[in-house]
Every structure is written in C-alpha cells, then in structure tokens.
Amino acid sequence: MKFLTLMLTPLVMAVSLLPCGADVVVPAEVGAVMAKYCVDCHEGDDAEAGVRFDGMETMGKAAMLHVVNRVEAQLFFGMMPPEGKRQPSGEERRTLFEWVQGELRRENASGLDAKRRAPEAGNWVDHDMLFGGGDSGGKAFTAGRRWLVNPQIFLQRVFDVFDLDARGRDGAKNGFRGLTIPMALPEHSGVRDYDLAVLNGGHLVTMLTNAEWISRKQIRSARVKAGEMKADEFENKADRFSPMTAKAFEVIVVKQTAPTVEEIHEAIRTQFERVLRREPKVDELGAYTELTKGAVALAGNAEGLRQMLQAVLLESEFLYRMEFGGGEQDGDGRRMLTPREMAFAIAYAVGDRGPDEVLNAAVREGRLTSREDCDREVRRMLADKVYNRGVIDPALSGEHWGEYYVTPHPKVVRFFREFFGYPMAVRVFKDTQRSDGIYRVPDRGTFGTPGFLVVEADRMVARAVEADSRVFETLLTTDEYYLYHNVENEKGAAMIEGWQKVYETLKGTEWRSDPDKVAEEHQELLKTHVVAAGVRGKAKGRGVHETDLVRLMNLFEDTFGRGGRPFTTFPWAHGNRFWHSPMYNLPRMPVEGEYGKEAVFDYHPVQPFPMLNRRGILTHPAWLIAHSANTATDPVRRGKWIREKLLAGSVPDVPINVDAKIPEDPHRTLGERLEMVTGREACWKCHVRMNPLGIPFEIYDDFGRFRTVESLEHPDNVVGKAKGKNGGDLYRAVAFSSAGSIAGTGEAGVDGEVKDALELVGRLGRSARVRQSMIRHAFRFYLGRNEVLSDARTLREADRAYVESGGSFKEVIVSLVTSDSFLYRK
C-alpha cells in the first residue's frame, strides 16, 4: 500500500484545490487503478515525461490544472499507460477517466470539454459505440441554433436581393467589386462549415459597408430613369454593375411627391422577400413604415427609400440560418423544424441557393411537415440538374477560359473537396527551380500549376459523384485521371483523328522545302481538320501564335511521328499554360526548338485514362502537394490526415514544450531524420499513430512525382549544375524506405504492414471503418456539428443506405437529411 499512499495523498491534496470546498474523496476503485497502473512511472525525479503525482501539493493552481488536464487527455486518447506496459481493461480505464474528468468539471477546467464542439474533436465519440449496434444514447436531435451562413450561401443571398437570373448569377459567380463577403471558412482539410461562428464587430463593419453598396445598386437604374444621374455615371469606373430596380422601389424613386403608405408597404414587403425571404411581421411593417416616412421627409424619396432598404439588409437574419423548430414537443422535448425552416435546410443541404419555387409552394400548401415530405423534396432537388448547376470553384474558372468543369451539384462535390483538402495545394509555396523549371507558382491573376492540378482533381471527384456508384471506393482507389482535358471526349478524339490524317497525308510531301505549294494543294484538308480559315505554308514574320504548315508538321513529327499524339491545344496557342504533365511523371509537352530532346508526349483525348503508379485522390499530385511542406514531403501530416479522416482516430495536440522540427542531415533521407526525432518513447506514443501511415507516401516527392530514389537536396550533394536559368541542380540520390502499416480497423486484410502508398490505399478502399469514417465526415458537413452518441442511429442508417445502394452518395445525403438529427431541434 506504500505506492497507493504516495499516490493518493498528494493527489487528494492537489485536486482539492480545484473546487472551492471540501477535499476530494478518491473512490476506492479509482485508487486501486492508479496504484496498479500509474504510480510506478509517475513518482520521483525520474518520472515519465516529467509528470509526477508526488509533490503536487507544492504546485500552484495553474500548474496543477495543467498536469491533471494532461492526465485527462492521456487517458482519453488511450496513451496512458504507454505501449509495452500493462494495460487496464476498458472498464478500469473508463473508471479512472470519468473520475478525473468529473473533478476537472467541478472547476469548469476540463480541456477536453473546451474543445468538444470544435472540428478537431470530431472523432472523440467512440467509433465502435456509434456503429456497433448497441445503445445509441437516446433519440437524436440538434440543438436549436442560429447558424452563420457560409460565403457561398451569402453570395447567393445577395444574388436574391438583386433578383438575378441564371445568366446574371453566372456572370457574378466570383462576387462584386463593391461587395465584401463578411465571413470566411478556416483553411484546412476537412469539414469547415460548423455552426459555431457568431457575428462580431468585424462582421458589423463589413455589413454596414455592404448594405450601403447593395442599397445604392438596388435603386440605381430608377435614379437614372428619374434623371437624378446619368447612365454612364459611376462612383467607381471599375464597378459598372447596374441591376434593374424592383418595380415597387422604382415607383417611389421616380415619383415627384411623397409616397403613399400603400407604396411604402409594398416596398417594405419587396425588400423583406428579397433579403429575408419572408413577409414582414405586423410590428416590423409598422416600424419600417415609420422609418421610411421619416427618412423621405428628411432626404427625399430616393434616399429615404434607400435608408429603409439598407436597414433591412442590416437585419442579422440576413447572415444566419434560423433553426429552432416549432409545433408541439414530442415525449423527448424535441420539436420538428417548421416547414419554412425545413425548406431552407433542404435547399442548403443540396446547394447554396435558398428554396426553389416548388419548395416554397410546398410550404404554402402545407406539404412540408413530415419526414416523407422531406424525403420527396430532397430527392427531387438531387434529381434537378439545373437549379444549382455551376462550376465547382468559381475562383478557378477564370484561369481556364470558361472550360472549367460545370456540374449539376457543386456543393455535393465540395464535400469531397473539403474532406480531402486538395484545394489547399494553391497555398503551399514551391520553388520553381526545384521542379526543374516546370512548376508555376500562384501569382496575381493565376493559381499556377497547383491550380491546374486542383481542377483535374475536381474532375475526378465530379465524375465519381455523378456516376454515384461505389463513390468512396472509386475516389480512394481509381487509377483513372485527367490531364489537360479542355475539350470533350468526342470532339477531342475527332480532332486528333483529323490531325493524324493531315500528318499521314503530308509527311511524304515537300512540306519542308516547298511548304507554300503543299499548303495550297491540300488547303481543303487543312481547312477541314486544322484551321477553318486556312493554313499558310510558312508565314513570313509570323506572329508568335500563328499556325502555319511548317510549324504544324514539326509538331506532328515530334508526336505522331514518334508514336504519340499532340495535345488538342497547340503549344504556341495564346494563353496555353498547360505544362505540368511531369507532375504525373508523364513527358513534357513538346516545345518548339527542342523537339526530340524529351521522351515522346502522348496525349489522351478520351479521358479519364489510366496512369501508372497512381491510385485515387491520395496519390494525386494536388493532394500530395496540399499535404506537403514547402521544400519536402510531410509524412507526419499525411499520416495524421489518414488517421483522423479515414480511420476515425485522434491524435493529441503537440505539447507546448516540444520543438517539432526534423533535424538537418545532408547524408540521411527524410524518413531517417524523422525517425531520429520521433522514435524516442515519449514521442513515439503519438507518432505511432501517424508515421506508419505517412511514410508509405514517400514514393512521391513533394511535387507529387513518383520516385524510386530520394534526392538529397543539399549543397554537399550536388553532382550536376542546372542546365538552364530555371532549371534545378542534380543531387545525389539514395534508396529510401516506404514501408508502413495500418492499425486500428480490426479488419482482416486491412490491418498490417504495407510496402508503399499504393498498397495502403488499396487496403483502405475496402475497409468498413474507412467507409464509416467518411460517413461521419458527411454527417458534419450536412449537420454543421460533430456527432454525439445519440446520433448513432442516424450514422448507422446512412452507412446502411450507402452499402445497400451499391455505394450511392446521394442515398447518404437523403438518409442524413431525413434523419432525426437533421429534422428535430431541442
């Protein structure tokens, strides 16, 4: 009992400092667990990790709280006792944890409680309890809430204010010059739109500026009609947006006398409908009527009306999704969403726009009051290929000349973009010279090479989403990728076939010695298959972007003549910046003046197409770059991503006293240097959850290129200098290890050692735990919060819907949106 006494005496004294009151009484069963598993390592000067339980009575309150919080975290994450030591049973661990957390909660000092709602705490609910078929913790519901809209929804709400049609919305998809989106989502992999954010002072300042700009635009065309301003008169010449003024507003602006009460009421109703998508209440109508009358009397019709318009735009409801439920409480104190709330919830689950007219009609006619009604409407909207149709990421569309992929449901694709996090590739800086001059860094007006890679990853995801069969497995394991695909399959294949016909017909002619003659003799062929306006033999003083026969045949010689196919956009075409094929380990695009120096380029006009040494999104260059450092790979980050996103696991935060740096050593690989710092016992208990999952991706460098040796990029290892001004030096290369392992699924054929990332993702693609983990993240995306134990039934039914439908993600959406977790508030 010596150890027990040593343990409990100081712990009682220390923990008794937490609550203001009597000493803490340690239950006998708790003391027994401590004595059995904890004391040996945590007493005396050589206590593990510097955490000792003896002597806690001498600590200050803050220091003691820190220690007890570390105990709470270590117990929660299953890291105490460490691997290799005798382990408590699940019941013993639960007994100790619940007691430690209970004492911290008495002081409102639990570190875990402070983080429980945050995205990084999403996996804290035990996975087996959620999907294991046991007690689901009561009936599901979501707390009543005001959920701050995300940037995409906010922009669509502004479009509603201006009553823009499809063409107007598409033209303004990147926003307006005079408008600032007041909210921003965190930049990281994983679901980002949680219901935690609230309006703050920064939002208010932006709202004021926005409301003034919007309200001025709302009445601008009416003011032009009334002669108050000229049609070409703009405060900002770069902001020439001039929407039509609503009829109810125009009546007041152009009127020479004060508006009537009826005219004011109509204007208020119109603004409420456009801004808040509802009728004003009686008291609101009265208050805004008095506001408008007073403002008109002071400033005139136009400015007085604008004051009212601006005031409605400043209603906080404009920036929130309101979800409180209504009607009678059920036996568990829950209320179902009101029909109006349900309409918005369905609309925002499927897209970013508010309810369409069919949903609005269902609300008016009392046909949106049940789970069955919700099921009908969400299926209808998922089948609608027009209402939410648009580009996946408007920010990337400009760089691709309107060719960027358009999909019926961009928000569905956005779940996978956020989950995998590959769009973050544009935020990782890479040195162009390290890529041998290939990689273009994002700059003003362009997202460079990573932007093109993200677009190609988007196309992979959109294709899987639209096919809607075995979606998770496809995204994790497919070997079919897109590259430079800016012409649809049928058209691209016809172009290449026509060009090859031109090459086969002309390759034996005198196109080199007498190109003008050859061009003239075969002009109809050239017009049919190359340029409709015709092709000259060899242009004199030709423009840098002009296509002539000699230029054309030189390209065809370097592609068709060597067994390849040219890209459907000529290398000399204006604006052609498609040069990143080496990121996929494919040959460079042909370059004039350097034909024959590189391996033959073979373009695939029909896409997607199989690529060697690639398997799914996790081996796509966009994902690999997004989860890399500026000048190196990042096995820890990649392993942590897999542990948390695919294996429903958790990794504690890096302790504040740990300097998480990999040591420099010009003679060792990154994996060897990582082992030097993370292999120590104190570090390995965390890194064992990450390194074995991240090291397999070392078969790719930090640009996402497949490799069989690692280049030791250090001045001591230079074996050849760069050949060009943008080229990179050549370094000594050595063998490296990509061996890793999977642990924690409990599934035969999944857990165990793997030789590289290709084997790892192949196993993950057939794991039930991985499938269920992706379901958990889908829950967070559509519910805006972390799951709790009472959501177990919701998650199990969504998982069942996916499996029984053959891997349909749309069925997952339907299941989630018709669940108690989605429909009920409390």
*How are the rings of Y348 and F344 set relative to one another: parallel (under 30°), tilted (30 to 60°) or perpendicular (over 60°)?*
tilted

*Kindly assign one of parallel, tilted or perpendicular to the pair F472 and Y802, based on the angle between their ring planes and the thresholds 30° and 60°.*
parallel

For the side chain of [X] and the backbone of [Y], is there at least one donor-acceptor N/O pair under 3.5 Å apart?
{"X": "H409", "Y": "A383", "value": "no"}
{"X": "D330", "Y": "G333", "value": "yes"}
{"X": "E323", "Y": "L337", "value": "no"}
{"X": "T142", "Y": "S821", "value": "yes"}
{"X": "H777", "Y": "M774", "value": "no"}
{"X": "E303", "Y": "G300", "value": "no"}
{"X": "Q218", "Y": "R306", "value": "no"}
{"X": "N301", "Y": "Q256", "value": "no"}
{"X": "R376", "Y": "R367", "value": "yes"}
{"X": "D195", "Y": "R785", "value": "no"}

Is a side-chain donor-acceptor pair under 3.5 Å present for [Y] with [X]?
{"X": "D239", "Y": "W213", "result": "yes"}
{"X": "D443", "Y": "T446", "result": "no"}
{"X": "T245", "Y": "S221", "result": "yes"}

Heavy-atom side-chain proximity of [X] to [Y] below 4.5 angstrom:
{"X": "F779", "Y": "L816", "result": "yes"}
{"X": "L305", "Y": "I219", "result": "yes"}
{"X": "L285", "Y": "R269", "result": "yes"}
{"X": "K139", "Y": "K826", "result": "no"}
{"X": "P119", "Y": "R780", "result": "no"}
{"X": "E315", "Y": "V275", "result": "no"}
{"X": "L148", "Y": "L199", "result": "yes"}
{"X": "H188", "Y": "M424", "result": "no"}

*Go through M342 and M336 one step at a time and tell me if the side-chain contact (heavy atoms from CB on, under 4.5 Å) criterion holds.*
CA-CA 9 Å; M342 192 183 298; M336 183 175 275; 3.9 Å; yes

*Can a cation-pi geometry be assigned to R353 and Y387, taking NZ or CZ under 6.0 Å from the six-membered ring centre and within 45° of the ring axis?*
yes

If every non-hydrogen atom of [X] is compared with every non-hydrogen atom of [Y], which pair is closest and at what distance?
{"X": "A311", "Y": "L291", "answer": "CB-CD2, 3.8 Å"}
{"X": "A246", "Y": "T270", "answer": "CB-CG2, 4.1 Å"}
{"X": "N174", "Y": "A395", "answer": "OD1-N, 3.4 Å"}
{"X": "N210", "Y": "P182", "answer": "ND2-CD, 4.1 Å"}
{"X": "G122", "Y": "N786", "answer": "CA-OD1, 3.4 Å"}
{"X": "K173", "Y": "V391", "answer": "CD-CG2, 3.9 Å"}

*Show your reasoning for whether side-chain contact (heavy atoms from CB on, under 4.5 Å) applies to M381 and L359.*
CA-CA 9 Å; M381 294 202 73; L359 265 176; 3.4 Å; yes

*Check F419, Y422, W641, F416 against W623 for a ring-ring contact (aromatic ring centres under 6.0 Å, His included) and give me the one that passes.*
W641

_Let's go through V814 and K810 carefully: what are the C-alpha distance in whole Å and the side-chain angles of both, what is the deciding distance for side-chain contact (heavy atoms from CB on, under 4.5 Å) to 0.1 Å, and is it a yes or a no?_
CA-CA 6 Å; V814 172; K810 289 181 181 178; 5.5 Å; no

Inspect the contact between [Y] and [X] and indicate whether a charged nitrogen and a carboxylate oxygen are less than 4.0 angstrom apart.
{"X": "K411", "Y": "E418", "answer": "no"}
{"X": "D193", "Y": "R414", "answer": "no"}
{"X": "R335", "Y": "E341", "answer": "no"}
{"X": "E811", "Y": "R379", "answer": "yes"}
{"X": "D820", "Y": "R793", "answer": "no"}
{"X": "E212", "Y": "R216", "answer": "yes"}
{"X": "R417", "Y": "D393", "answer": "yes"}

*asked:* Would E317 and R277 count as a salt bridge (Lys or Arg N to Asp or Glu O under 4.0 Å) here? Give the steps.
replied: CA-CA 10 Å; E317 189 180 337; R277 301 291 298 270; over 6 Å; no

*I would like to know whether Q271 and F249 meet side-chain contact (heavy atoms from CB on, under 4.5 Å); could you show each step before the answer?*
CA-CA 9 Å; Q271 185 70 342; F249 306 157; 3.5 Å; yes

*Using the side chain to side chain donor-acceptor pair (under 3.5 Å) rule, take R169 and Q156 through it: C-alpha gap first, then chi angles, then the decisive distance, then the call.*
CA-CA 8 Å; R169 290 171 189 266; Q156 291 293 335; 2.7 Å; yes

_Residue pair R278, E284: steps toward the salt bridge (Lys or Arg N to Asp or Glu O under 4.0 Å) verdict_ = CA-CA 12 Å; R278 65 174 176 83; E284 291 173 326; 2.9 Å; yes

